[in-house]
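In this chain, numbering begins with 1 at the start of the sequence shown. What's counted below: heavy atoms across the whole structure, side chains too, no hydrogens, waters or symmetry copies. Please read these numbers as outputs of a predicted model, since none were measured by experiment.
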Amino acid sequence: MRAFANNTSRRLGFEGAVRPPSSAVPATRSRMEVGRTPVREAIQRLQYDGFVVVSARRGTFVSKIDINDLTAVYEARARIESWATRLAAERLREFERQEARQLIDELKQTIGPMALEDILALDRRVHRFIYKVAKNSFLFDTLDHYHNLSLRILYVAMKRFPALVPRLEDVLHDQVLMLEAVCRGDADEAEKIAMAHVMSFESEVRKVI
């Protein structure tokens with residue numbers, strides 16, 4: 001139940017289902033129909049991620065979304081995430097290689113059109129797999145934090161600027177190449193692809209802000 005509350009309230013945050021300056025706690029409870037404790041724990045996580053602002057006098061509110069922050073987040077992600085992808089290629093175990101190949105097969109069989117939410121969810125699955133196989137818990141937490149921030153801002157930005165919505169075939173192409181490099185243990189190529197993948201979005205954002 002607590003994990004469910006955490007995941008759902010995070011969706012309310014970065015997908016804009018609860019919009020600033022809405023009160024986050026009542027909105028989250030009403031959507032999930034759960035008690036105070038799991039929601040309170042989820043709100044604490046959202047505060048850490050920067051999704052909500054807690055005021056002792058006014059309560060808890062969804063934080064404002066500034067699209068201009070997206071370029072800064074991507075600058076940070078590009079360096080850290082490309083390094084994590086290198087580590088993933090160097091540290092991949094055989095059972096994880098099998099998992100990666102299954103994910104590659106799934107990506108190759110994916111066809112459009114797909115809703116924006118589904119594209120972002122698919123992208124998140126690949127990135128979190130890379131974070132996991134890099135085998136560094138501190139790096140995982142940092143990358144997960146930055147990825148959550150970028151997803152939240154990107155979701156709003158894409159709604160406002162449809163040109164930012166990535167083509168499904170481009171997303172799939174980058175992800176397949178990256179996972180294949182990781183499977184081969186080609187750390188240099190995996191790092192290069194990951195850097196280009198993140199920076200391509202950063203470049204597109206700069207064109208519209």
About how many Å separate [atom2] of [Y] and [atom1] of [X], when rounded to the nearest 0.5 Å?
{"X": "L120", "Y": "R125", "atom1": "CG", "atom2": "CZ", "result": "14.0 Å"}
{"X": "M178", "Y": "K192", "atom1": "CE", "atom2": "NZ", "result": "15.0 Å"}
{"X": "L172", "Y": "I104", "atom1": "CG", "atom2": "CD1", "result": "12.0 Å"}
{"X": "E180", "Y": "K108", "atom1": "CD", "atom2": "NZ", "result": "4.5 Å"}
{"X": "T142", "Y": "R77", "atom1": "OG1", "atom2": "CZ", "result": "13.0 Å"}
{"X": "L151", "Y": "M158", "atom1": "CG", "atom2": "CE", "result": "8.5 Å"}

Does a side-chain heavy-atom distance below 4.5 Å link [X] with [Y]?
{"X": "L139", "Y": "L87", "answer": "yes"}
{"X": "H127", "Y": "H197", "answer": "yes"}
{"X": "N148", "Y": "R152", "answer": "no"}
{"X": "R184", "Y": "E189", "answer": "yes"}
{"X": "E191", "Y": "M195", "answer": "no"}
{"X": "V133", "Y": "E99", "answer": "no"}
{"X": "H145", "Y": "L149", "answer": "yes"}

**Message:** Assess the residue pair R124 and D144 against the criterion (side-chain contact (heavy atoms from CB on, under 4.5 Å)); give the C-alpha distance rounded to whole Å, side-chain angles, the decisive distance to 0.1 Å, and a yes or no.
**Reply:** CA-CA 10 Å; R124 181 172 176 78; D144 197 45; 3.2 Å; yes
I need the minimum non-hydrogen distance between [X] and [Y], along with the two atoms involved.
{"X": "V182", "Y": "A190", "value": "CG2-CB, 4.0 Å"}
{"X": "A181", "Y": "A89", "value": "O-CB, 4.5 Å"}
{"X": "C183", "Y": "R97", "value": "O-NE, 2.9 Å"}

**Message:** Please check this pair: side chain of S203 against backbone of M199, looking for a donor-acceptor N/O pair closer than 3.5 Å.
**Reply:**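 No; zero donor-acceptor contacts below 3.5 Å.
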**Intermediate values then yes/no, side-chain contact (heavy atoms from CB on, under 4.5 Å), H147 and D123** = CA-CA 10 Å; H147 197 243; D123 184 69; 3.7 Å; yes
**Asked** Just one of K132, R101, R91, K135 clears the salt bridge (charged side-chain N to carboxylate O under 4.0 Å, His left out) bar with E96, so which one?
**Response**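 That would be K135; it is the only one of K132, R101, R91, K135 passing the salt bridge (charged side-chain N to carboxylate O under 4.0 Å, His left out) with E96.
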**Asked** What's the verdict on side-chain contact (heavy atoms from CB on, under 4.5 Å) for S200 and D170, showing C-alpha distance, side-chain angles and the deciding distance?
**Response** CA-CA 10 Å; S200 66; D170 292 339; over 6 Å; no
**Request:** Return the orientation label for the Y131 and F140 ring planes: parallel under 30°, perpendicular over 60°, tilted otherwise.
**Result:**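 Correct class here is perpendicular.
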**Message:** Quick one about Q98 and Q102 (side-chain donor to acceptor, distance below 3.5 Å, no hydrogens or angles considered), yes or no?
**Reply:**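 Q102 vs Q98: no donor-acceptor pair found between side chains.
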**Asked** When L179 is tested against each of D174, T85, I130 for side-chain contact (heavy atoms from CB on, under 4.5 Å), which residue passes?
**Response**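 Answer after filtering D174, T85, I130: I130.
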**Request:** Would you sort out whether V126 and L107 count as a side-chain contact (heavy atoms from CB on, under 4.5 Å), showing the intermediate values?
**Result:** CA-CA 10 Å; V126 174; L107 292 171; 4.1 Å; yes
